[in-house]
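Reviewing the structure listed below.
Letters A, B, ... mirror the listed sequences (proteins, then strands); counts begin at 1.
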Amino acid sequence: MKLKESLSAKIAAIIFSYVMIIVLAFSLTATVVMGYYKFYFSSEDTVKKEILTDMAKSEAYYIHSLLGKETDLDNYYKDKNVFYRITYLDSGNVVTNYNNEPYIATESSEYYKYEENYYEDDNGIKRWTQTEIHIGTIEVFVAENMDKNDIFSVTSKIIEIGYSLRYAMVFIVLISLALEVFLLCYLFCASGHDQGGVIRRNYLDMIPFDIITATVIIIAYVSLLALDGLVYDLTTAIIYITLIGSIDYFVALGYTMSFATRVKTRTLLKNTVIYYVLSFISKKLKKVLNWFKYIFSNISLIYKTLIIIAGAVIVEIIALIFIINTVYYIRSEILFFAIIWVNFVLILGALYLAVIMQKIKTGGERISQGDLQYKISTEYMVGDFKSFANSLNNINDGLQTAVNEKMKSERFKTELITNVSHDIKTPLTSIINYVDLIKKQQPENEDVRQYIEVLDRQSARLKKLVEDLVEASKASSGTLPVNLSPCDVGVLLTQTLGEFEDKLNKRQLSTVINIPKESVKILADGRHLWRIFDNLMSNVCKYALKGTRVYIDVKRKSNKAVITFRNISEFELNVTADELMERFVRGDESRNTEGSGLGISIAKSLAELQGGCLELCVDGDLFKATVVFDIV
Amino acid sequence: MYNILICDDEKDIVSALKIYLTAEGYNTLCAYNGDEALKVISENEVHLVLMDIMMPHTDGISAMIKLRESSNIPVILLTAKSEDTDKILGLNVGADDYITKPFNPVEVVARVRSQLRRFTQLGGKLTEKTILSIGNIQLDDKSKQVKVDGETVSLTPTEFEILKLLMTNAGTVLSPKDIYRKVWNDQAYGAESTVAVHIRHLREKIEINPAEPRYLKVVWAHGYKMEKGV
């Protein structure tokens with residue numbers, strides 16, 4: 001891993017890879033050339049002969065060109081390991097410097113001359129013809145012992161060396177290729193790696209990739225052009241090719257390494273001019289879109305609707321203009337279907353709106369009816385409808401929280417009252433007992449006896465008050481168990497009157513009872529229902545004017561049983577019916593009669609607990625209590 | 001002479017009860033928590049226990065469970081809890097009776113007497129055919145006599161007939177109409193409230209606390225019934 005981060009290792013690798021590529025290029029060229037001249041299939045002599053024959057041939061062509069220039073051939077070939085012989089066909093003359101020396105290779109070329117004849121054809125246009133005249137034969141011989149230093153001797157030596165190195169060259173190719181591949185792999189892996197394991201981009205990697213790619217393409221094209229125009233001799237060509245090749249190699253290496261770094265840092269596509277331009281455009285577009293969105297969301301629903309309608313109208317007008325202008329070219333069926341489609345889309349839209357409105361309406365109704373669990377599904381809703389539905393849901397959540405809090409506090413209150421009353425009961429027991437004990441002593445003092453009477457009465461009242469308090473809190477918080485079953489109102493009323501007969505007689509109250517002949521059965525818990533009747537009748541006995549009649553009616557009204565208790569109040573009722581329902585409110589202001597003021601409140605809570613209701617009505621001195629329950 | 005153990009953490013209540021019970025001729029022993037009560041019972045011959053439920057250290061329920069492992073003497077629970085579930089729990093773990101606070105001392109004495117009679121005198125004997133018996137109530141059809149806790153109670157003929165009807169049909173609920181038809185031998189047309197009045201009087205005579213009857217139960221909105229197995 002450290003090797004990847006070392007800069008010197010990378011530089012060394014680059015230099016070494018450059019050397020290797022040169023070695024590879026040279027050895028590969030040599031191998032290919034040797035392969036072309038069959039170094040690997042023939043003997044050295046055959047190869048040498050073939051190459052030298054080729055050279056002799058080009059020499060013959062050269063002589064051909066020299067002949068036209070009147071050059072002194074003898075002088076020219078003085079320092080060369082080549083002999084020539086020109087035989088003229090017509091005269092039989094032979095020009096040569098060849099004296100039967102031994103030769104390795106020979107080649108001959110026919111010597112032609114071309115004559116051009118100009119003439120005018122029948123139409124008087126100038127034309128020409130060319131005639132080929134065979135003058136003679138040019139022969140070239142390459143000497144076997146090359147004592148002079150020229151291209152032939154050098155070539156011969158190179159062939160000898162090349163032949164001896166032919167297999168070594170293949171080996172060099174393979175080795176250098178392997179090394180080069182290895183070095184390139186290393187360089188690609190290491191590119192971008194900096195000290196400390198981070199991948200960092202250099203200046204080259206900062207340049208946008210498409211610009212670099214374009215530059216590389218241009219360089220490649222220019223170097224191709226440069227190679228194309230190459231007409232110099234071999235040495236110059238080699239230098240030229242090496243130079244251009246080197247430049248191209250470094251460019252390619254830099255390019256590919258930069259490519260590798262970009263891939264590694266995931267900036268290949270991002271760091272391009274095209275990307276910059278595109279992202280700039282999209283950013284601007286987004287801004288504009290957001291701006292529109294902002295404006296659209298901040299204008300009221302009415303204006304929104306107006307804008308949409310205006311848009312629809314404009315589209316329609318454009319469509320109409322288009323249709324009017326092109327109506328001659330459009331077949332009427334197409335027009336017909338277009339209209340149908342437009343209407344179809346409009347109907348779908350209207351249906352969508354109707355469905356959403358229906359959903360919201362149902363939700364609103366359910367919430368207003370107290371269904372706190374209900375949630376309006378905002379799926380498929382958009383924009384204002386969604387926010388409206390969400391608002392409704394939030395209101396419902398708030399309500400539910402409030403109701404839960406209320407229930408919790410009510411339960412807590414009940415618990416508190418139960419515990420407190422329990423703690424009150426114990427000392428109260430002592431009070432009652434000791435008051436009774438004092439009473440048993442029969443004190444002689446009349447005043448003391450009266451005081452004891454008061455204590456006795458008040459402690460009894462306190463006892464009743466504590467019991468009622470517990471019951472009232474239990475009934476109103478709904479912690480009381482309720483077992484509903486069909487109950488006969490007539491029977492209960494009979495039982496109640498039986499229980500209260502003595503008390504009624506004591507206050508000279510007579511009862512007038514109206515009950516339907518067939519039994520009226522309601523769904524209630526008998527014990528709780530008795531408590532309601534008990535409390536109402538206790539009230540009657542306490543507050544009805546002495547010697548009056550008490551009316552009790554049971555009636556059927558559709559599927560309800562209505563039970564009313566009516567009596568004439570002894571005291572002036574200067575409180576409203578609603579106030580009487582509240583806890584600790586009593587018909588008499590002085591509060592000197594027995595009772596806790598909880599009776600009606602308990603009765604009401606119990607009635608509601610069983611699914612019924614209790615209503616009071618005060619009309620002058622007439623007091624009316626109405627209990628309503630569902631008939632089974 | 002019966003020994004009665006009074007157990008309550010409220011000393012005033014214990015001494016009040018002591019006064020009442022001593023006046024009735026009982027010997028009293030006192031304890032102020034469950035452990036003390038068990039100790040007193042193990043050291044003395046106790047015939048009846050009056051015990052509070054809510055007490056420090058060992059509460060009434062635990063003490064009673066321990067007591068019931070070795071003894072079957074009557075236990076009356078005194079409790080400030082008037083919840084039905086508490087009463088049921090008390091009776092289930094072995095209490096014979098319960099009185100809710102704040103109580104009437106007369107009622108306590110009556111219940112003590114009742115439990116003692118039942119425990120000492122009536123050991124489940126008496127099986128004459130003409131005698132109907134439920135709990136501590138015995139009804140002799142021949143002599144037209146009714147005894148509650150061994151004491152004769154004077155009933156009017158109608159009350160006697162109603163009691164007899166209810167005792168022969170113990171456990172079933174009879175509506176006022178049924179009772180009227182059978183006792184008066186007549187159709188009841190709005191005369192059922194007579195039955196209700198009679199039953200209330202009857203309850204006052206045979207029950208210790210008519211508001212919380214032990215034998216003659218009111219099934220509200222349905223009728224009346226005699227408890228079967230008291």
Greatest number of heavy atom pairs closer than 4.5 Å to chain A - which of Ala23(B), Gly223(B), Pro210(B), Pro176(B):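 Ranked by heavy-atom pairs under 4.5 Å with chain A, first place is Gly223(B).
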Which answer fits [X], side chain, backbone, both or neither, if we ask what part of it has an atom under 4.5 Å from a heavy atom of chain B?
{"X": "Asp502(A)", "result": "both"}
{"X": "Pro427(A)", "result": "neither"}
{"X": "Ser485(A)", "result": "side chain"}

What I want to find out is whether [X] reaches [Y] closely enough, with some N-O distance under 4.0 Å, to be called a salt bridge.
{"X": "Glu107(B)", "Y": "Arg111(B)", "answer": "yes"}
{"X": "Glu410(A)", "Y": "Lys413(A)", "answer": "yes"}
{"X": "Asp436(A)", "Y": "Lys440(A)", "answer": "yes"}
{"X": "Glu499(A)", "Y": "Arg203(B)", "answer": "yes"}
{"X": "Arg113(B)", "Y": "Asp149(B)", "answer": "no"}
{"X": "Asp8(B)", "Y": "Lys101(B)", "answer": "yes"}
{"X": "Glu415(A)", "Y": "Arg411(A)", "answer": "no"}

Tyr26(B) vs Tyr2(B) aromatic rings, parallel, tilted or perpendicular, using cut-offs 30° and 60°?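 The arrangement is tilted - the two ring planes meet at 30° to 60°.
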What's the separation between atom NZ in Lys164(B) and atom CG in Asn169(B), rounded to the nearest 0.5 Å?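 Interatomic distance, Lys164(B) NZ to Asn169(B) CG, rounded to 0.5 Å: 11.0 Å.
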Side chain, backbone, both or neither: which part of [X] has a non-hydrogen atom closer than 4.5 Å to chain A?
{"X": "Ile13(B)", "value": "both"}
{"X": "Val219(B)", "value": "backbone"}
{"X": "His201(B)", "value": "side chain"}

Greatest number of heavy atom pairs closer than 4.5 Å to chain B - which of [options]:
{"options": "Thr494(A), Ile522(A), Leu529(A)", "answer": "Thr494(A)"}
{"options": "Ile432(A), Leu437(A), Ile431(A)", "answer": "Leu437(A)"}
{"options": "Leu462(A), Asp525(A), Asp488(A)", "answer": "Asp488(A)"}

If contact means a heavy atom pair closer than 4.5 Å, which residues of residues 532-541 of chain A contact chain B?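 The stretch does not come within 4.5 Å of chain B.
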Is there a side-chain contact between Phe565(A) and Ile563(A), using heavy atoms and a 4.5 Å cut-off?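 Result yes, sub-4.5 Å side-chain heavy-atom pair found.
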Do the numbers put Arg556(A) on top of the ring of Phe629(A), so that NZ or CZ is under 6.0 Å from the six-membered ring centre and no more than 45° off the axis?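 Ring-cation test returns no.
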